[in-house]
Amino acid sequence: MDQNSGTPPTADTEMDKVFEPASYEQKWQRYWTEQKIFELPPEGEGPTFCIMIPPPNVTGKLHIGHALQSALQDLLTRWRRMQGYRALWLPGTDHAGIATQLMVERQLESEGSSRLELGREAFLERVWAWKENFQGNIRHQLDLLGASCDWSRERFTLDEGLSEAVAEAFVRLYEEGLIYRGEYIVNWSPKLNTAISDLEVEMKEVRGKLYHLEYPVEGSDETVVVATTRPETMLGDTGIAFHPEDERYQHLLEKAAILPLVGRRLRFVADEVVDQEFGTGLVKVTPFHDPNDFEMGQRHGLDSVQVIGRDGHMTAAAGEEFAGLDRFEARRKIIERLREEGVLIRVEDHLHNVGHSQRSGEPVEPLVSTQWFCNVSSMADRALNAVKDGELQLIPDSWNKTWEHWLSNIRPWCISRQLWWGHRIPAWYAPDGEVVVARSEEEAKRLSGRDDLRQDEDVLDTWFSSGLWPFSTLGWPRDTADFRSFYPTDVLITGYDILFFWVARMVMSGLHFTDRLPFSAVHLTGLVRDAEGQKMSKTRGNTVDPLDLIEEYGADALRFTLCILDSPGRDIPLDPERMAGYRGFCNKIWNAARYALSRVGDAEVQESLDHEELAAPERWILSRLDATAEQVNAKLEIFRFDEACSLLYHFFWGELCDWYLEFTKPALGAGGEAGDAPRPRVGEVVLTVLDRSLRLLHPVMPYLTEEVWQRLPGYQKVQPTSIALAPFPDGKAGWRDEVVEEQVAALTELISRVRNLRQELGVGSKDAVRVEVSSETPGMDAFLEEQRPLLAFLCRLEEVAVAPAESEGEREDRLVARDRVSGVELVVVAPKKDLGEAERQRLEKDLAKVEGAIASTEKRLSNESFLAKAPDSVVAGARAQLQELEERRLQLKASLEG
RNA sequence: GGGAGGUUAGCUCAGUUGGUUAGAGCACCUGCCUUACACGCAGGGGGUCGUGGGUUCGAGUCCCCCACCUCCCACCA
């Protein structure tokens, strides 16, 4: 690395009035990369923390859901890094078999070419080129988002190491008898021309028809009626089934029906799966084209006839009349023919569910095919128990039941795909039919002692390789330093939509191959929706590009919005107006720093502060800071990103800016005429509080915090290179001070009340107002005496008297309002004004409300069970409340009477 | 047919083990360009917490019924 580039690009420029994220975001991303801040050496000291990115498909660009997940992962990684962990967020991409192949095929189509024309090898070259292009895009987008991934460890599911892991896993499962090859009914996608797994089939409700067909029974005048939604499959019927206990049909057992149009004999069989109540209680059986019928066929030894081919067109076995027709065309034609023959006796509307190929949209064609399968039931049991025993935590845990249900009803997983893009199945065939499964061709030859082997043409389901992701990325099956350091990983953050596709398979394979869970917690995010809660989709046209949002609001505002909206178990309605609000928060942070830097003179950030020597406002904000830091850490420990962000927002804006920075104005000479009230070390405290607040905010808002932090004089004492490496405040600075927190709480309430009274009494901002306060709380009067300048400044008062010997009385031209706030008696003396009608109405309404509250509190306090059973603190609270309400009532009455 | 989640202010959502007058952002009303911030400041209005029961001194919070909305799973042809 160039030595000169190691200098932080500190901005010693003037701060603009409005923050401009575009002016610094890329600068810092470059700096972090150059400094290799997120790259971890292979060996290191201290505890480790690891998150694996859910690898995005190389097919495209990141969408808002990726932005959400990345923001959360980066938040956790940065937080742990600042806490001193060797924190690794490992990035990578998924080859995404079908999806990517389709994209490239579409591209070829537009060039007037095709995959078949190119041939396998040339086609794969094209896909690799495509992948190189998009992989770069994804990295670029994560960079823009501020992701602190370790790019030196980037992986791709088809790279050499991961391919080795895939072959190893396949061979081991084969040797254990858990992977096998066989002829079974599978979900076939005619459009994709491949088998797909059960998970890739989406059930859709379809308005169809139920066709009632009448078949003659052989050797009698009797006929039987069967009902079907797919009349075209009748050409492949080889039996008719009824329930074993169905009295109506027992006599048919030894007989056969004759299949119209075809003339085939159909055996009658008795089988439990038939529902006596449905239709006539008789079911036509088409073993080749229906999963149920396939099983029935096996149970009863029925023949199997393929009438629909893999391309979705009728086969020769369907008869000349139909051969070559598309399956839906064939349906129309068969209905016509059946009607002519008088076989079709009734048609009724029928609402039913039909499996569709999730990726290509057309109805799936179940058919019998030779494929590779993985028997996952034993692995599923372990995965199931991991959640049951609490070793694996699903967040939110409402997913536990779904997890249990899915895993306990799991069926063999069809893992072979008739595609080109993917991990070629590590099985080789000899001309005589011998099958050799091995890690490589060399191994296959060595094992079998022959070299006339041909590798299986098919590839593996994409999810087979992603299922190994948490350990294959760390070097498994080799025993690498990274694998030893970072496996098992800590937490997985992903969307609930791939809980079974991916999460369950990682858990199963992790337990199987490494004997450990790949992570101990899974934080499932909701779906990002639009402001109205609608699902984002291209067809709806309501999608948003995270890059556009970054441009408009800044990466930090986007990240903060996503993180604060991530509440467990709910989808995320992404409202641009809300994001604008959080952009305002970024601007607030910027301007707080701008204020501080313009007022602190030559003060610097302090690593520690002796809060004994500080005045109450300083002790108060340090105490609040410590409390906030502690709470934020606690929330992050339990993955409550939303609450952690809320805490930060309210601390920074509601306490630091709204109150503390205002408290500093008289002391820092920004208070105009009310200024000139020196207090010790205010500048140091302002800078130190900002320093720590920025550190607390850094995991959510990396750019803004780095930019501002490196402007704070003395930040180098904390960490010379980057805020990303500065310690995360843990709330244990020893600044907590319950007494001062209570006192300042009383002060802020007092100030709010005085401001509110001014408005109620119709007193203008330029009128001279005198306030008298006094309290019986020990120490409070002394405290208020000290804070007189603040009270005067923040309420624009002419005069403040603490516990005056004599209260100013009422006069013709002025009024006196009395109230009681937080145990402090309050008297406001102001020029008499006429109440506006609106104000009068408001006060009357208020009075009614207060009187209602008094009545209900009195009722509660006169209830003996309440007094006897409620805790003392609650009863005391009610009494205190009643007293305050009474004061308020008197005050309101006084205001109304003028 | 199973299962999960939701129903709280005009909108989108928080709400800890049940405990004062239920919160936030945006929107709305009033007054402010108060030398950090109009992407701002101060003040304010607005909710019988989906319906109906129950437990309790006390229920948005716990229990039951119902209604409506969302989603997931499922081989009734």
Side-chain angles (χ1 to χ4, degrees), chain A residues 15 17-19 203 210 226-230 233 241 273-275 277-279 282-286 290-295 350 352-353 355 366 396 398-402 405-406 409 496-497 499-500 527 529 531-533 535 553 557 564-565 567 569-575 577-578 580-599 642-643 646 649-650 657-658 661-662 665 670-672 752 755-756 758-760 764-765 796 838-839 842 845 849-850 852-853 856-857 860 863-871 873-875 877-878 880-882 884-885:
Chain A
M15 291 179 84
K17 206 166 162 181
V18 173
F19 87 120
M203 300 305 272
L210 191 59
V226 294
T228 180
T229 53
R230 303 194 57 199
T233 63
V273 304
V274 181
D275 179 0
E277 308 300 317
F278 189 89
L282 287 171
V283 186
K284 62 191 268 308
V285 184
T286 321
D290 183 278
N292 269 326
D293 295 4
F294 175 78
E295 283 169 20
H350 186 63
H352 62 141
N353 291 313
S398 53
W399 287 102
N400 288 6
K401 274 194 175 176
T402 313
H405 182 256
W406 190 76
N409 291 290
Y496 61 72
D497 50 329
L499 184 62
F500 301 129
L527 249 45
R529 296 170 178 274
E532 278 75 47
K535 209 168 174 169
Y553 301 96
I564 202 170
L565 289 179
S567 70
R570 285 194 83 127
D571 287 340
I572 293 158
L574 190 64
D575 186 348
E577 303 217 357
R578 185 140 185 180
Y582 294 126
R583 180 182 55 190
F585 181 46
C586 292
N587 195 48
K588 192 77 183 172
I589 295 167
W590 178 263
N591 273 288
R594 210 160 73 94
Y595 163 75
L597 293 176
S598 70
R599 295 285 171 186
D642 57 335
E643 294 189 339
S646 281
Y649 182 91
H650 288 111
C657 291
D658 286 351
L661 292 185
E662 296 303 318
K665 282 181 178 174
S752 294
R755 285 168 171 170
N756 165 264
R758 284 185 81 121
Q759 195 121 355
E760 268 184 16
S765 58
R796 295 161 178 272
E839 193 66 11
R842 202 177 65 72
K845 214 167 154 187
K849 226 193 229 172
V850 167
S856 83
T857 310
R860 224 151 39 103
N863 181 337
E864 277 175 37
S865 327
F866 174 69
L867 296 174
K869 292 185 183 174
S873 62
V874 173
V875 177
Q881 180 204 351
L882 185 61
E884 299 232 333
L885 284 167

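Lettering follows sequence order; numbering is per chain, from 1. No experiment lies behind these values; they were computed from the predicted model shown.
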Tell me which nucleotide among [options] gets nearest to the side chain of [X].
X: A/F278; options: B/rA77, B/rG19, B/rC39; answer: B/rA77
X: A/C657; options: B/rA36, B/rU34, B/rC26; answer: B/rA36
X: A/F866; options: B/rC41, B/rA36, B/rC57; answer: B/rC57
X: A/T228; options: B/rC57, B/rA77, B/rA4; answer: B/rA77
X: A/Q881; options: B/rC13, B/rC39, B/rU20; answer: B/rU20
X: A/V874; options: B/rG19, B/rG43, B/rC41; answer: B/rG19
X: A/R755; options: B/rC57, B/rC26, B/rG43; answer: B/rG43
X: A/T857; options: B/rA77, B/rA36, B/rU21; answer: B/rU21
X: A/Q759; options: B/rG43, B/rC37, B/rA77; answer: B/rG43
X: A/D275; options: B/rG5, B/rC76, B/rC57; answer: B/rC76

For [N] versus [M], give the span between their [atom1] atoms, rounded off to a whole number of Å.
N: B/rG25; M: B/rG15; atom1: C1'; value: 15 Å
N: B/rU48; M: B/rG52; atom1: P; value: 13 Å
N: B/rU61; M: B/rC69; atom1: C1'; value: 22 Å
N: B/rA27; M: B/rC41; atom1: P; value: 13 Å
N: B/rG46; M: B/rC28; atom1: C1'; value: 9 Å
N: B/rG18; M: B/rA4; atom1: P; value: 22 Å
N: B/rC63; M: B/rA22; atom1: C1'; value: 22 Å
N: B/rC64; M: B/rU56; atom1: C1'; value: 16 Å

Ignoring backbone atoms, test whether [X] places a side-chain nitrogen or oxygen under 4.0 Å from the OP1 or OP2 oxygen of [N].
X: A/H350; N: B/rA77; result: yes
X: A/K401; N: B/rG3; result: no
X: A/K665; N: B/rU35; result: no

Inset, instruction - Return the 5'-most residue of the pair A/H650, A/H352 with respect to RNA chain B, ranking by each residue's nearest nucleotide. - result: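 This one resolves to A/H650.
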Legend entry - A/F585 vs A/A596, nearer the 5' end of RNA chain B by closest nucleotide: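 With A/F585 and A/A596 compared, the 5'-side residue is A/A596.
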Inset, instruction - If the plane angle is over 60° it's perpendicular, under 30° parallel, otherwise tilted; pick one for A/F278 and A/H350. - result: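 Aromatic pair A/F278/A/H350 classed perpendicular.
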Inset, instruction - List the steps, then state whether side chain to side chain donor-acceptor pair (under 3.5 Å) holds for A/R860 with A/N863. - result: CA-CA 5 Å; A/R860 224 151 39 103; A/N863 181 337; over 6 Å; no
Atom pair [atom1] ([X]) and [atom2] ([Y]), whose distance is rounded to the nearest 0.5 Å:
X: A/E864; Y: A/K869; atom1: CD; atom2: NZ; answer: 11.5 Å
X: A/T286; Y: A/N292; atom1: OG1; atom2: CG; answer: 11.0 Å
X: A/R578; Y: A/L565; atom1: CZ; atom2: CG; answer: 5.0 Å
X: A/S856; Y: A/L885; atom1: OG; atom2: CG; answer: 8.0 Å

Do [X] and [Y] have side chains that get closer than 4.5 Å, going by heavy atoms?
X: A/R594; Y: A/K17; answer: yes
X: A/D290; Y: A/F294; answer: no
X: A/L867; Y: A/V875; answer: yes
X: A/I572; Y: A/R529; answer: no
X: A/I589; Y: A/F19; answer: no

Legend entry - RNA chain B base-pair string [pairs: Watson-Crick or G-U under 3.5 Å; |: paired with another strand]: (((((((..((((.....[...)))).(((((.......))))).....(.(((..]....))).))))))))....
Counting any heavy atom closer than 4.0 Å, what does [X] reach on the DNA or RNA strands: base, sugar-phosphate only, or nothing?
X: A/L885; value: base
X: A/A592; value: base
X: A/P366; value: nothing
X: A/R599; value: sugar-phosphate
X: A/R583; value: base
X: A/C586; value: nothing
X: A/S598; value: nothing

Inset, instruction - Give the intermediate values and the outcome of side chain to side chain contact (heavy atoms under 4.5 Å, CB included) for residues A/Y582 and A/Y553. - result: CA-CA 9 Å; A/Y582 294 126; A/Y553 301 96; over 6 Å; no
Legend entry - side chain to side chain contact (heavy atoms under 4.5 Å, CB included) involving A/N353 - partner list, sequence neighbours excluded: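 A/N353 satisfies side chain to side chain contact (heavy atoms under 4.5 Å, CB included) with A/M203, A/E205 only.
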Between the protein and nucleotides 6-12 of chain B, which nitrogen or oxygen pairs are less than 3.5 angstrom apart?
unit_1	atom_1	unit_2	atom_2	d
B/rG6	O3'	A/R570	NH1	3.3

Please evaluate the base of [N] for a donor-acceptor partner in the side chain of [X] within a cut-off of under 3.5 Å?
X: A/K588; N: B/rC37; value: yes
X: A/E662; N: B/rA36; value: yes
X: A/K17; N: B/rA38; value: no

Atom pairs under 3.5 Å, N or O on each side, protein against nucleotides 45-47 of chain B: can you list them with distances?
unit_1	atom_1	unit_2	atom_2	d
B/rG46	OP1	A/K845	NZ	2.8

Inset, instruction - Measure from the side-chain N and O atoms of A/N587 to the backbone N and O of A/V18, and report whether any donor-acceptor pair falls under 3.5 Å. - result: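 Side chain of A/N587 to backbone of A/V18, a donor-acceptor pair under 3.5 Å: no, none is there.
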Legend entry - The single option from A/W406, A/F500, A/Y496 passing ring-ring contact (aromatic ring centres under 6.0 Å, His included) against A/W399: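 The residue from A/W406, A/F500, A/Y496 that satisfies ring-ring contact (aromatic ring centres under 6.0 Å, His included) with A/W399 turns out to be A/Y496.
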Inset, instruction - Figure out the CG/P separation between A/L661 and B/rU35, and round it to whole Å. - result: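 Distance, rounded to whole Å: 16 Å.
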Inset, instruction - With sequence neighbours left out, write down each residue that passes salt bridge (charged side-chain N to carboxylate O under 4.0 Å, His left out) with A/D642, or none if nothing qualifies. - result: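 Salt bridge (charged side-chain N to carboxylate O under 4.0 Å, His left out) list for A/D642, sorted by chain: A/R640.
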Inset, instruction - List the steps, then state whether side chain to side chain donor-acceptor pair (under 3.5 Å) holds for A/R599 with A/Y595. - result: CA-CA 6 Å; A/R599 295 285 171 186; A/Y595 163 75; 5.5 Å; no
Pull out every protein N or O sitting under 3.5 Å from an N or O of nucleotides 70-74 of chain B, one pair per line with the distance.
unit_1	atom_1	unit_2	atom_2	d
B/rA74	N6	A/N353	ND2	3.2

